[in-house]
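Chain naming here is simple, since letters A, B, ... match the order of the sequence lines and numbering starts at 1 in each. What you see is a predicted model, and the numbers here were worked out from it, not measured in a lab.
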Amino acid sequence: MSGDAGAAAADRPRLRYAPSPTGDPHVGNIRTALWSWLHARRHGGAFIVRIEDTDQARAVPGAEERILESLRWLGIDWDEGPGIEGPHAPYVQSQRLPLYGEAVDRLLAAGSAYRCFDTPEQLAAIREERRARGAFGYDGRCRAIAPAEAEARAAAGEPFVVRLRMPDDGSTAFHDAIRGEIRVENATLDDFVILKSDGFPTYHLAHVVDDHAMRITHVTRGDEWIPSTPRHVRLIEALGWEPPTYVHTPVILGPDGGKLSKRHGARSVLEYADEGYLPEALLNFLAITGWALDDHTEILSREELARHFDIGELVPNPAVFDTQKLEWMNGVYLRQLDASRLADLFEARLARDLLREAQRPLDRALVEAIVPLVRERVKLLAELAPMVDFLFTGDIAPPEQEALLGKPYRGRAAEAQHALNACYAALDPIERWTAEPIEVALRATAEELGERAGSLFMLCRVAVTGRAVTPPLFETMELVGRERTLARLRSAEQTLRY
RNA sequence: GCCCCCAUGGUCUAGCGGCCCAGGACGCCACCCUCUCAAGGUGGAAACGGGGGUUCGAGUCCCCCUGGGGGCACCA
């Protein structure tokens with residue numbers, strides 16, 4: 001590679017999302033992926049997905065596909081990774097074992113790393129004994145084993161791990177894009193394991209080797225990794241490479257300031273998808289919790305984010321996941337959608353939530369008629385069914401007397417009954433069954449009865465829909481249809497008759 | 001115990017030494033609109049954790065304290 005093209009390419013950031021397939025990705029985890037993706041898109045770089053499955057014991061079947069599905073749902077695409085491949089394939093660590101082996105051999109040959117034969121039990125004992133003395137970690141006793149002897153024991157089949165030799169004094173520093181320089185004393189670093197006895201690399205080794213091989217420029221990950229980053233820097237140095245820029249992202253907290261947990265509702269993006277959140281809303285929300293464009297902009301499209309976001313501008317402190325703000329934002333996005341897209345979403349959602357009971361297929365025209373009535377009343381798709389179910393069920397259970405006589409008619413059963421009767425009489429002769437004549441008739445009825453219009457409307461609302469909260473009454477009655485409206489009025493009246 | 005990170009209203013944040021007796025958003029309260037609920041409109045309550053410095057001047061820089069979080073595995 002030479003000339004301007006090479007130089008330009010070298011300037012382009014390459015970021016990666018490197019999840020372990022141990023379960024559904026957490027929103028905090030996905031937020032880091034999103035930020036990485038945005039940064040890559042903003043600067044004309046590349047976004048890579050790499051599966052880190054070096055812990056065979058914790059692998060969860062199907063987890064990888066769920067992770068990729070989460071990314072796809074949010075509209076986060078990757079330039080290299082599973083299903084795409086590319087110049088650094090494969091993108092699954094368990095398929096890259098030879099690479100880690102080569103690195104270990106080099107380290108061993110250079111004397112920067114050494115074999116260790118302690119059993120897990122021995123290590124636990126060492127740890128316990130040292131902790132009692134106020135020391136920490138591993139004491140480096142295997143450094144004393146001569147390389148030739150270690151090699152012989154390994155060749156004889158004795159299980160071993162490989163540890164990296166850490167400097168005893170001095171300090172180690174690295175650059176974090178959102179916190180600046182972080183420096184620690186080497187005395188606080190012990191010789192850590194880079195190759196496990198099962199022949200698999202640890203995270204430390206594997207990610208360092210892969211990030212180098214894949215030319216990753218910014219290592220993004222949760223800030224719980226900060227304490228081990230100096231080790232990674234030493235490893236990189238021992239391998240003769242240059243460290244990347246680190247971006248340690250803060251955590252997302254639950255409403256109580258603690259860890260986000262099942263108690264707080266959804267944690268994985270797939271759960272949010274299931275509850276009826278829009279991907280563009282969750283994406284916007286995640287992007288701006290921990291980052292702000294300016295002092296007033298909240299709603300940013302995927303494209304706008306990709307145009308303005310910079311990973312160095314992230315806020316360093318942890319954020320509480322504000323579900324209420326997410327809901328508000330989802331409502332904003334829902335209201336922005338055009339009618340036909342909304343009808344599609346509603347149709348799918350209602351089919352899922354209602355069809356099991358109602359035997360009839362969904363009436364597309366009816367769904368389309370609903371859109372203008374509920375689009376401003378729904379923040380989540382999941383709220384839709386309870387708001388319009390009475391339109392789709394053939395017969396609703398007649399509302400309880402108690403419900404019919406809610407506030408407006410409390411203690412006035414006879415008057416309510418009379419009012420229902422009057423409404424029936426007023427509506428029955430209507431020829432064109434649409435909202436306008438219905439409204440005219442009902443308002444006239446209220447006046448005749450000397451009743452507050454609102455009170456009468458509420459009585460009708462409960463009688464016809466079985467609910468106290470619905471879309472606007474007249475439009476609703478239009479959709480319920482003349483026959484069902486009149487029948488339900490009659491039925492409600494019967495209920496009041498005892 | 002040792003090490004590290006963080007710190008503006010209930011929550012997310014703007015602020016990168018004077019433009020801030022601190023701005024926006026969600027939420028909350030009130031009012032308006034109104035057939036319920038929403039949506040929308042208007043107004044309101046609500047914050048720089050504490051103490052020392054530096055400086056003519058500190059939310060903004062430094063130190064300490066406090067508080068919160070994380071790490072100290074053959075897990076990532």
If we take the P atom in both B:A45 and B:G24, what is their distance in whole Å?
12 Å

Rounding to an integer number of angstrom, what distance separates B:C26 and B:A14 when you compare their C1' atoms?
15 Å

Mind checking if A:Thr54 touches a base, just sugar-phosphate, or nothing, with heavy atoms under 4.0 Å?
sugar-phosphate

Need the pair for B:C19. Rule: Watson-Crick or G-U wobble, both distances under 3.5 Å, any strand; none if unpaired.
none

Within 45° of the axis and under 6.0 Å from the centre of the six-membered ring of A:Tyr138, does NZ or CZ of A:Arg163 qualify?
yes

N/O to N/O distances under 3.5 Å, protein versus nucleotides 4-6 of chain B:
| from | atom 1 | to | atom 2 | distance (Å) |
| --- | --- | --- | --- | --- |
| B:C5 | O2' | A:Arg179 | NH1 | 2.7 |

Expressed as a whole number of angstroms, how long is the span from A:Glu52:CD to B:C75:P?
14 Å

Would you say B:G71 has OP1 or OP2 under 4.0 Å from some side-chain N or O of A:Arg221?
no

Interatomic distance, A:Arg58 CZ vs B:A76 C1' [rounded to whole Å]:
5 Å

Considering only B:G27, B:C72, B:C12, which nucleotide approaches the side chain of A:Thr289 most closely?
B:C12

First of A:Val161 and A:Ala292 reached from the 5' end of RNA chain B, by closest nucleotide:
A:Ala292

Which is more 5' along RNA chain B, the nucleotide nearest A:Ser455 or the one nearest A:Gly134? Just name the residue.
A:Gly134

For B:U60, the Watson-Crick or wobble counterpart (both distances under 3.5 Å)
none

Could you tell me how far apart A:Phe285 (CZ) and B:C12 (P) are, to the nearest whole angstrom?
10 Å

Atom CD of A:Glu327 and atom P of B:C12: how far apart are they, to the nearest Å?
17 Å

I'd like the P distance from B:C16 over to B:C72, given in whole Å.
38 Å

Nearest non-hydrogen partners of A:Glu298 and A:Met329, listed with the distance
O-CE, 3.7 Å

Check this for me, if you would: do A:Glu447 and A:Arg443 make a salt bridge, where the nitrogen-to-carboxylate-oxygen distance has to be below 4.0 angstrom?
no

Whole-angstrom distance between B:G69 and B:C28, as gauged at atom P
27 Å

Any strand is fair game: report the nucleotide pairing with B:A7 by Watson-Crick or G-U wobble, both distances under 3.5 Å, or none.
B:U66

Check this one for me: any side-chain N or O of A:Thr22 less than 4.0 Å away from OP1 or OP2 of B:C75?
no

Taking the C1' atom in each of B:G41 and B:C33, what is the distance between them to the nearest angstrom?
8 Å

Is A:Asp176 touching bases, backbone alone, or none of the nucleic acid, heavy atoms closer than 4.0 Å?
nothing

Touch check for A:Asp55, heavy atoms < 4.0 angstrom, all strands: base, sugar-phosphate only, or nothing?
sugar-phosphate

Should A:Arg16 and A:Asp210 count as an ion pair when the cut-off is N to O under 4.0 Å?
no

Residue pair A:Asp53, A:Arg58: steps toward the salt bridge (Lys or Arg N to Asp or Glu O under 4.0 Å) verdict
CA-CA 9 Å; A:Asp53 59 344; A:Arg58 293 205 312 158; over 6 Å; no

Contacts of type side-chain contact (heavy atoms from CB on, under 4.5 Å), residue A:Thr188, not counting sequence neighbours
A:Val184, A:Glu185

Which nucleotide in the set B:C72, B:C74, B:C35 lies at the smallest distance from any side-chain heavy atom of A:Arg131?
B:C72

Determine the interatomic distance between P on B:G51 and the same-named atom on B:G59; round to the nearest Å.
12 Å

Across the strands shown, which category fits A:Ile288 at heavy-atom distances under 4.0 angstrom: base, sugar-phosphate, nothing?
sugar-phosphate

Establish, yes or no, whether a centroid distance under 6.0 Å links the rings of A:Phe457 and A:Phe474.
yes

Is the distance between the ring centroids of A:Phe321 and A:Tyr272 under 6.0 Å?
yes

Using purine N1 to pyrimidine N3 plus N6-O4 or O6-N4 for Watson-Crick, or N1-O2 and O6-N3 for G-U wobble, both under 3.5 Å, which nucleotide pairs with B:G1?
B:C72

Give one of base, sugar-phosphate or nothing for A:Trp291, where a contact means two heavy atoms less than 4.0 Å apart.
nothing

With a 4.0 Å cut-off on heavy atoms, is A:Arg133 in touch with a base, just the backbone sugar-phosphate, or nothing at all?
nothing

So what does A:Val320 hit on the nucleic acid, given a heavy-atom distance under 4.0 Å: a base, only sugar-phosphate, or nothing?
sugar-phosphate

Please pick, from B:C12, B:A76, B:A14, the nucleotide with the shortest atom-to-atom distance to any side-chain atom of A:Val315.
B:A14

Kindly check if the number of other-residue, nucleotide or ligand heavy atoms within 6.0 Å of NE2 (A:His418) is above 12?
no

Rounded to whole Å, the CG-C1' distance (A:Leu253 to B:G69) equals 8 Å

Please measure how far the C1' atom in B:G27 lies from the corresponding atom in B:G10, and state the result in whole Å.
8 Å

Short side-chain N/O contact to B:C75 OP1/OP2 from A:Lys196, under 4.0 Å
yes

Which of the following nucleotides, B:A25, B:C3, B:C12, is nearest to the side chain of A:Ala319?
B:C12

Are any protein N/O atoms closer than 3.5 Å to N/O atoms in nucleotides 36-38 of chain B? If there are, list each pair with its distance.
| from | atom 1 | to | atom 2 | distance (Å) |
| --- | --- | --- | --- | --- |
| B:U36 | O4' | A:Arg461 | NH1 | 3.4 |
| B:U36 | O2' | A:Ala468 | O | 3.2 |
| B:U36 | O2 | A:Thr470 | N | 3.0 |
| B:U36 | O2 | A:Thr470 | O | 3.1 |
| B:U36 | N3 | A:Thr470 | O | 2.6 |
| B:U36 | O4 | A:Pro472 | N | 3.2 |
| B:C37 | O2 | A:Arg377 | NH1 | 3.2 |
| B:C37 | N3 | A:Arg377 | NH1 | 2.3 |
| B:C37 | N4 | A:Arg377 | NH1 | 3.3 |
| B:A38 | O2' | A:Glu376 | O | 2.3 |

Using a heavy-atom cut-off of under 4.0 Å over every strand shown, decide if A:Gly290 touches base, sugar-phosphate, or nothing.
sugar-phosphate

Is there a Watson-Crick or G-U wobble partner for B:U42 with both distances under 3.5 Å, and which nucleotide is it?
B:A30

State whether the number of non-hydrogen atoms from other residues, nucleotides or ligands found under 6.0 Å of A:Lys259 atom NZ is greater than 12.
no

Please say whether more than 12 non-hydrogen atoms of neighbouring residues, nucleotides or ligands are located less than 6.0 Å from CG in A:Asp338.
yes

Rounded to whole Å, please give me the gap between CD1 in A:Ile252 and P in B:C12.
11 Å

Whether A:Phe160 and A:Phe117 hold their rings parallel, tilted or perpendicular, with breakpoints at 30° and 60°:
tilted

Within the 4.0 Å heavy-atom criterion, would you say A:Phe192 contacts the bases, only the backbone, or no part of the nucleic acid?
nothing

Interatomic distance at C1', B:A76 relative to B:A39, whole Å
46 Å

Assess whether atom CD of A:Glu128 is packed by more than 12 heavy atoms of other residues, nucleotides or ligands within 6.0 Å.
no

Check whether the side chain of A:Glu298 and the base of B:G24 form a donor-acceptor pair under 3.5 Å.
yes

For A:Glu128 and B:G1, give me the distance from atom CD to atom P, rounded to whole Å.
19 Å

How many Å lie between CG on A:Asp190 and P on B:C2, as a whole number?
17 Å

